[in-house]
Amino acid sequence: MIHSLFLINSSGDIFLEKHWKSVVSRSVCDYFFEAQERATEAENVPPVIPTPHHYLLSVYRHKIFFVAVIQTEVPPLFVIEFLHRVVDTFQDYFGVCSEVVIKDNVVVVYEVLEEMLDNGFPLATESNILKELIKPPTILRTVVNTITGSTNVGDQLPTGQLSVVPWRRTGVKYTNNEAYFDVIEEIDAIIDKSGSTITAEIQGVIDACVKLTGMPDLTLSFMNPRLLDDVSFHPCVRFKRWESERILSFIPPDGNFRLLSYHVSAQNLVAIPVYVKHNINFRDSSSLGRFEITVGPKQTMGKTVEGVMVTSQMPKGVLNMSLTPSQGIHTFDPVTKLLSWDVGKINPQKLPSLKGTMSLQAGTSKPDENPTINLQFKIQQLAISGLKVNRLDMYGEKYKPFKGIKYMTKAGKFQVRT
Amino acid sequence: MNPMQKLLQLPASAVNLVRSQQGMAREEAKSPVLAPDGGQQAWYSAMQADELRLLKSPEQEAAPENSTGSSQTQPLRHDDLKEMLDSNKDSLKLEAMKRIVAMIARGKNASDLFPAVVKNVACKNIEVKKLVYVYLVRYAEEQQDLALLSISTFQRGLKDPNQLIRASALRVLSSIRVPIIVPIMMLAIKEAASDMSPYVRKTAAHAIPKLYSLDSDQKDQLIEVIEKLLSDKTTLVAGSVVMAFEEVCPERIDLIHKNYRKLCNLLIDVEEWGQVVIINMLTRYARTQFLSPNQNESLLEENPEKAFYGSEEEDAKEDKPDAASLVKRKPYVMDPDHRLLLRNTKPLLQSRNAAVVMAVAQLYFHLAPKAEVGVIAKALVRLLRSHSEVQYVVLQNVATMSIKRRGMFEPYLKSFYIRSTDPTQIKILKLEVLTNLANETNISTILREFQTYIRSMDKDFVAATIQAIGRCATNIGKVRDTCLNGLVQLLSNRDELVVAESVVVIKKLLQMQPSQHSEIIKHMAKLTDNIQVPMARASILWLIGEYCEHVPKMAPDVLRKMAKSFTGEEDIVKLQVINLAAKLYLTNSKQSKLLTQYVLNLAKYDQNYDIRDRARFIRQLIVPTEKSGVLNKYAKKLFLAQKPAPILESSFKDRDHFQLGSLSHLLNTKAVGYQELPDWPDEAPDPSVRNVEVPEWTKCTSREKRKEKVEKPFYSDSEGESGPTESADSEPESVSESESESGSGSSSSSGSGSDSGSQGAESGDRSEERRKKKKGKEGPRKAFLDTAGSNPSEEEEEEQGKKGKRKKKPQHEGKGDSGSSWEEGSVSESSSSESDSGSEAEESQSEPESKRRPTPPSSKAAPKATRKGTKEISLLDLDDYRETEARGREGTCPRSPSRPVAELGILGLPEATARVTTAPPQPASSPSVVSTSLVTDLEGLSLTDTSLASTLLSPTFSAVRTHELLHRMAGEGLSVEYCFSRQPFVPDPHMVAVHIQFSNSAEAEVKGLRVCAPRLLPGIRLQEFPEIESLAPGDTASVVMGIDFSDSTQAANFQLCTHSRQFYVSIQPPVGELLAPVFMSENEFKKEQGKLTGMSEITEKLTLPDQCQSDQAIVQRVMVAANVSRVPCGADHVYRFAAKTVTSGSLVLITLERKDGARAQLTVNSEKMVIGTMLVQDVVQALAP
């Protein structure tokens, strides 16, 4: 399976390598660099690169390439999914996953990688178990460690790997027992020039933060489970129960985890909460173009739309833009040609707008495509699909936990073609 | 002491060894020859800058001291680190190890520190030890001799009482790649493979491929270990051992047979990475073991092109050949194991892990019937929300799938729409999928979408879009003109790349029907003035040359212009100019003769030799001279031959011969170690190999062999006793085995559920032990079987085979059934001819038997007695018969009264035998003890021999309840009745056995009686009975057919065909017949009932009539209404019955509680609510006055 792992930063330095079998020379990465050069952008580097003796499978996250070297046939998704899991674990351990952080915690990183793979085959990938094996560094612990010379390797042997609930460690204790659930829905949409929806769908997740003592057994039920068209679960969810009763029954992992992600059936018409009016003109003759966009609320169910952010990749011919926003801050980077406008809240009485002119490169003809507008926004306390959690029950433990639920709607890949 | 610390203690001697070794190393290092002076100080400071910055060491002061110490000797790079490692302080050691690991991580060589590091294996500090491990595993290969010093530590760790330490020791030991320790590793692996702890066994499984890569000579031994671990029943081990199997011996597919069902059942609880490996392996396995579920459609499969262009009309057509081929071929019945795999993998489509979803998707794509593949589309589309790398892989696979099964993804068309923010490689793949999905209905939407893409800023993407449009145009005739017009418009695009790409695509399109498009050719001819992209220019010139007769006036003009600019053109254009000139010379020499000469002259002196060659060649060919011979005559044919239109097809076509989701599929080349996905076999291999019991299995095959070459006279032997003995052995297995399977499935899932935690680790071990004990118990019994049972059974088998043969002649296919009926002697069902032979056999049996058999009388006499008893009973009044029947059930819950005897007889329990045979009405509780222990004993055994098992089949009381299938009048003399025999249908345990009795009361013979053209609702399956060739007037024949009603009371409709007529008939089962009895103890019953509360519980109050006041009457009535078995119960006035549905095997529990007076309460617990409700009605009805 996975032979070696190389971590490469955006400037092409290999700053970490780990081998699970015999050592593979880092010169194998030359093939990767070649491919990287050919692909103009980082995200266009093919995830799978064949070389004469090895195959390089890579993922690109947080400006770092994680390049796995394999020698024999293996399902590519297996490796890719594992690499993503590695990144998630790092993020879980260090808060952020960046080159600096990895370099600073190189020993912990190495220990974690050692536990995650055995002979190239995944061993312990549940972060709950890993954290028992190797304690994540915290500021306090770093201080204590420096003084006492102790370490962040757990001195207890983990039992989680042996239990029938491999995702939960035993002996969890909290003084405040709390369980929070965030229902977050994202709208993916493509809106065409005239404002009509080409495609729109809702993808939702339920993220949980569960801090409960002992071995609680939770059930979560929905008012309208029929809305959920396609679901994928954390391994803790009992599938049969869901199939028969549409109830989520599970023993939660300790801490943060994604309980469920779902897709709302396409038959339900998706309410698009915002609209964008745009008027973008490139005139052939002059070197000036007009630019004007207005954002307004559409179907928001009485909630305010916040955190609105408009970004747009302008055509190469645009040299600069002089714009005035009615609210918020806008920037235009003349090198990358990226316009971004941080709108903030939408006030329905006074719609935010951004107006002005674009200066175009003289002598060239007008660009044949108008830029696409990407939109981001947030609506608190609203699940746009109408999904509602009915109740959360706990079995197996005696105390009364605090239960919290939060709804939020966000823009996913929300594009307006102009 | 904490357990981890114990692990790494080296014996003192080992440490000393390291010391001395290290000393030597030092001396070597001190050698002045090796020491170039100077420079090392600078080197060191560089290192400090690098390494120490990372580590923010609290011990920084220590380092400079060391450096001074080492400065007078050789510039050993890591003297400071060595000093730190030698110190007594753990913190110093730790610091040193951290720096060393940091070096390793950055790819720096730290191998010279090996001696200093390895002795710290004995360190008490866990983290130091862990880091030493890391170091050891990394460098052991380079310093093999020194690495050996650490081995004894691990060897001791292998014996530690703590399972985690054992596992960890094995893990490191096996990771050290030193060939010399191969025997030690082998020993350790073997030992760990039979460890009590599943975690250690898992580690053993992980170690197998490590050892194999170190020394492939160990393969045979390793396969043994793999075989052993494959039979492990814990989820923890399953994934790892299959991974080892795949790396070491993927060709030994035979090792999987016996574990197949277990793996299927465990799958859902295996950790996600293991799931991927298991699913991929099972895909390959299934391809070798089962028949193609689409074999009837394979004719269509062979012609995917047709399907590609397919429209609704064609879809409609598809049905017809289907039906036709169905009639012709023998019907396909999916192997239940095949179904099991599909059913158990389906929930994993909901996994959060993309690799698992993909694995299931490919499994369905390769294995599922065409109609069921659709379920994977939704899950795959969901993955498109994931990271772009995941999208990339998924889209590649979707592209391949969408060529074969376009309909699958059509509903998700919009999910493949492209966003401007997608990376280019994703865009191009999505485009590929969209093109594959295009058909006449959605093409307009897709083309509109494509129009947006054409204006994109990403030019590679635009070019791909144009090609996609071209492909749509070639595939869908309707839009060809629209596409062409669109492309022609693009010719006036400002971007040259766009224009060039359009020209190339248009050229290909025009080639398909040039005559209609001379306008476009003219338009393109004009473009030569503007277009500069060589490829496009060349394409235009080729077009004009090829179709010069369509543009007779323009072509010479174009040539004139090109001749003018010839010298400035690119090579590819020049070649086409020469081509054009040649073609014009041949068609229109008057206008173009001089021009051609000019061009050829220019080309003659061109710098490029290709062009010079071409010019020389063409001149000789077309210009007639004295020398030029025959070829000249054919010049026109050579140049203006009809050229086939290029086929624009997807690059993903035919990629599906690689297993989807594999690396090889992605790269479209065979990757190293790729296991070819085998083709479906033509004939299904023996499915019985998957039955679990090993000795049974071997016996069975040998028996089958023998069956084929039976030549002894029929009556030569007559140890008929073995019949019931053998079948009693094998019969309940079918029940208990499936029960245990489902049991383990449910228990493991419930284990991961409510009761869990601390016990978990233990429980695995305990069950393991229990299993061992059980095996031990089985052992002697088997021995008994082999000595006393197997030999006669073979002969018995022969006897039966003979008998079957003999019967085949006069009356064809009643064989299986009739064979069964005479054994038991139940006459009610068997036809007259059979009963003749039956009694004959009976006599012949009893006579020599007494002479020949000096076997213990207890085991022999008992079955005989019951046999006679049964026979008599069956002739008696029905009610009485049922009474004994019911009592028999009360005791041990068998399906026929003879069985307990047989069971007990074989176990050599004479007193029990006597008890049951002599005094049937027993207090309910005491035999139940026997029966439960019997059930556990028989657990794990499996049904092996179909014909033998069927000997047990005899219609019991439901024989009375015959239903009419075809009335004498309607059937023109042929009357058909059926009844539910309540016996397991042997070829497929998920089917309900239906006895059908034909009687011919017409004058003429009825020939070719068979089932045809079943019109079945989805889910319902039907196993036809073998054709009855002829039925003489006045004769009767009976057959058994199996119907899988898929746990519904919907009728199975089919036609009964005779040589002359067809009758539409349908069989509708009462809900009680969809059940199969289940053995259960009261405790088990209560436990299961506890799981089936809430929605799955239905309660009904009723009043019992006077006739139903006795226990007997109630039990009897319930059992008539439904095929259930009674659960022994301690309390009075409470009756419990258990059964499971035949198809899905979900439990159905009935409780009847008699209250004071005539009131009673009926409770039915079942997952299948519909069945529950209907059953309540039926039982209430049965208990009504």
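Fair warning: this is a prediction, and the values are worked out from it, not measured in the lab. Lettering of chains follows the sequences in order, A, B, ..., and the numbering in each one begins at 1.
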Original post:
What part of E1167(B) is in contact with chain A, defined as an atom under 4.5 angstrom from a non-hydrogen atom: side chain, backbone, both or neither?
Top reply: neither

Subject >> Part of P209(B) lying under 4.5 Å from any heavy atom of chain A >> reply: both

Original post:
Can you tell me if S420(B) and Q313(A) form a side-chain donor-acceptor pair at under 3.5 Å?
Top reply: no

**OP:** Please confirm whether the backbone N or O of D230(A) pairs with a side-chain atom of K378(B), one donor and one acceptor, at under 3.5 Å?
**Re:** no

Subject >> Trace of the side chain to side chain contact (heavy atoms under 4.5 Å, CB included) decision for K414(B) with E201(A) >> reply: CA-CA 10 Å; K414(B) 289 191 171 177; E201(A) 46 190 15; over 6 Å; no

Subject >> Side chain / backbone / both / neither for E243(A) at chain B, heavy atoms under 4.5 Å >> reply: neither

Subject >> Contact origin within V394(B) toward chain A - heavy atom pairs under 4.5 Å >> reply: side chain

Original post:
Can you tell me how far the CG atom of N119(A) sits from the OG atom of S174(B), to the nearest 0.5 Å?
Top reply: 7.5 Å

Original post:
Do any N or O atoms from the side chain of E41(A) and from the backbone of P423(B) form a donor-acceptor pair under 3.5 angstrom?
Top reply: no

Subject >> Closest non-hydrogen atom pair, K21(A) against R177(B) >> reply: O-NH2, 3.3 Å

Subject >> Interatomic distance, S662(B) atom OG to F78(A) atom CZ [nearest 0.5 angstrom] >> reply: 14.5 Å

Original post:
Given H19(A) and V137(B), is the side chain to side chain contact (heavy atoms under 4.5 Å, CB included) satisfied, shown in steps?
Top reply: CA-CA 9 Å; H19(A) 307 276; V137(B) 172; over 6 Å; no

Original post:
So how far is it from S232(A) OG to R385(B) CZ, rounded to the nearest 0.5 Å?
Top reply: 11.5 Å

**OP:** Select one option (side chain, backbone, both, neither) describing which atoms of N397(B) are under 4.5 Å from chain A's heavy atoms.
**Re:** neither

Original post:
Of the backbone (N, CA, C, O) and the side chain (C-beta and beyond), which part of E272(B) lies under 4.5 Å from a heavy atom of chain A, both, or neither?
Top reply: side chain

Subject >> Residue V390(B) versus chain A: region with a heavy atom under 4.5 Å >> reply: both

Original post:
Taking atom types as modelled, is there a side-chain donor on Q415(A) or T421(B) under 3.5 Å from an acceptor on the other?
Top reply: yes

Original post:
Should K98(B) and E111(A) count as an ion pair when the cut-off is N to O under 4.0 Å?
Top reply: no

Subject >> Part of E449(B) within contact of chain A (heavy atom distance under 4.5 Å) >> reply: side chain

Original post:
Where on Y392(B) is there a heavy atom nearer than 4.5 Å to chain A: the side chain, the backbone, both, or neither?
Top reply: side chain

Original post:
Can you tell me how far CD of E17(A) sits from CZ of R106(B), rounded to the nearest 0.5 angstrom?
Top reply: 10.5 Å

Subject >> chain A contact via Q425(B) - which portion, at a heavy-atom distance below 4.5 Å >> reply: both

**OP:** Enter the distance from R138(B):CZ to W20(A):CH2 here, rounded to the nearest 0.5 Å.
**Re:** 12.5 Å

Original post:
Judged by atom type as modelled, is there a donor-acceptor pair below 3.5 Å linking the side chain of R382(B) to the main-chain atoms of V231(A)?
Top reply: yes

**OP:** Could you have a look at E141(B), K202(B), M97(B), R171(B) and say which one has the most heavy-atom pairs with chain A under 4.5 angstrom?
**Re:** R171(B)

Original post:
At a heavy-atom separation under 4.5 Å, does Q391(B) approach chain A through its side chain, its backbone, both, or neither?
Top reply: side chain

Original post:
Does a donor on one side chain and an acceptor on the other come within less than 3.5 Å for E81(A) and H387(B)?
Top reply: no

Subject >> Heavy-atom proximity to chain A below 4.5 Å, by part of I426(B) >> reply: neither

Original post:
Heavy-atom distance under 4.5 Å to chain A: side chain of L348(B), backbone, both or neither?
Top reply: neither

**OP:** Calculate, to the nearest 0.5 Å, the distance between atoms CG and OG1 belonging to L413(B) and T199(A) respectively.
**Re:** 9.5 Å

